[in-house]
Amino acid sequence: SRLVSSFDKAWALFHDANLRQGIQWLETFPVGFKLNVPLTRNMGREITMLVQLQDNISSVIWGILPKEWLVRLLGCVSIFFGYTALAATLFDLLSIITAHIAIIATCFRAMHQCQLYLLAALWRLFRGKKKNVLRHRTDTMEYDSMQLLLGMILFTAVIFLFTTIFVYYAFFAILDVTIRLVAVILWFNYVLVRFNPMGKCILRERHPGWLTERLYLLEDTKLSSDSSRPVTHLKMVPRSFSSLIAESLSPYLTPPTRCIPLLIWEFISGAPCSLYQECL
């Protein structure tokens with residue numbers, strides 16, 4: 001019961017402090033940004049409705065299945081299937097309960113990427129350029145006055161709405177990246193337990209000669225009856241424990257580590273990190 005109450009307090013604090021109060025903070029010109037008032041109010045209302053819908057669905061689910069049963073179910077999973085099954089179940093539960101944040105972050109990512117594409121296209125229009133998709137290059141093109149006027153109107157609208165979209169995108173992107181980092185921590189725990197080379201380490205401790213790193217020839221006069229004639233024999237160097245652990249865990253820990261700079265680039269450009277889904 002204490003675990004369930006602490007989880008309820010943490011989840012309520014996350015929703016109230018990071019979502020509801022965050023949305024209200026975004027509607028009050030955060031950090032001195034002059035946002036578009038109608039667009040901010042409409043987006044805040046829609047996001048609040050989505051969060052409220054998720055709360056209603058959660059209340060219905062917890063009304064049918066009490067949280068004490070969920071804790072007992074997780075305990076049974078860990079007892080009968082081990083810690084790896086518990087870590088995988090927690091990873092799936094984290095993805096389910098934060099699905100609304102992932103949806104909102106995906107929508108704002110698409111809007112931010114679309115705005116960057118529009119700004120680049122309209123900037124090429126003012127320079128008398130166009131993007132040649134077939135040849136993957138930028139060609140010169142002449143535009144008439146009506147096209148330039150329409151481009152100026154669109155450029156003005158996009159540049160004035162860019163700050164509003166970017167502030168919302170940055171807020172939900174930070175939340176989404178935080179949730180992904182928690183998922184990566186769960187994945188690290190799963191990998192450390194599932195692919196831990198404990199058997200190899202025990203074998204290395206008891207029989208070092210079975211796991212050799214290299215061999216070299218050694219001359220030793222103590223093994224010979226005649227001290228003037230040295231005996232040549234093979235000397236085995238056993239593998240270190242760190243090399244055994246790195247060999248077992250590196251294929252599974254390297255791809256999530258590579259996702260960290262890709263997540264930073266995703267935050268800047270809005271391009272989704274496909275390697276994150278492939279790794280996890």
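The structure displayed is predicted, hence computed values, not measured ones.
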**OP:** Return the minimal non-hydrogen interatomic distance between T40 and N36, and the atom names on each side.
**Re:**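 For T40 versus N36, the nearest heavy atoms are OG1-O, 2.6 Å.
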Subject >> Q147 to E142 - nearest heavy-atom pair and separation >> reply: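 Minimum heavy-atom contact is OE1-O, 4.5 Å.
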Checking the side chain of [X] only, and the main-chain atoms of [Y] only, is there a donor and an acceptor separated by less than 3.5 Å?
X: Q115; Y: H112; answer: no
X: Y190; Y: I185; answer: no
X: D176; Y: F172; answer: no

Subject >> Carboxylate-amine/guanidinium contact K131 D139, below 4.0 Å >> reply: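 So K131 does not pair with D139 through a salt bridge.
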For the residue pair [X] and [Y], establish whether any side-chain heavy-atom pair is separated by less than 4.5 Å.
X: F108; Y: I104; result: yes
X: R124; Y: T138; result: yes
X: I101; Y: V51; result: no

Original post:
Are the ring centres of F155 and F126 closer than 6.0 Å?
Top reply: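 F155 vs F126: aromatic centres under 6.0 Å.
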Determine, using the 4.5 Å side-chain heavy-atom cutoff (strictly less than), whether [X] and [Y] are members of one ILVMFWY cluster.
X: L119; Y: L39; answer: yes
X: M141; Y: L149; answer: yes
X: W123; Y: L116; answer: no
X: I103; Y: I97; answer: no

Would you compute the distance between atom [atom1] of [X] and atom [atom2] of [Y] and round it to the nearest 0.5 angstrom?
X: I47; Y: M49; atom1: CD1; atom2: CE; value: 12.0 Å
X: T89; Y: L94; atom1: OG1; atom2: CG; value: 12.5 Å
X: M111; Y: M43; atom1: CE; atom2: CE; value: 6.0 Å
X: L93; Y: L186; atom1: CG; atom2: CG; value: 10.0 Å
X: Y117; Y: L122; atom1: OH; atom2: CG; value: 10.0 Å
X: L125; Y: L118; atom1: CG; atom2: CG; value: 12.0 Å

Subject >> T140: side-chain hydrogen bond (donor to acceptor under 3.5 Å, both in side chains) partners, not counting sequence neighbours >> reply: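 T140 satisfies side-chain hydrogen bond (donor to acceptor under 3.5 Å, both in side chains) with K129 once adjacent residues are dropped.
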Original post:
Which class fits the ring pair Y169 and F166: parallel under 30°, tilted 30 to 60°, perpendicular over 60°?
Top reply: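 Taking F166 first and then Y169, their aromatic rings sit tilted (interplane angle of 30° to 60°).
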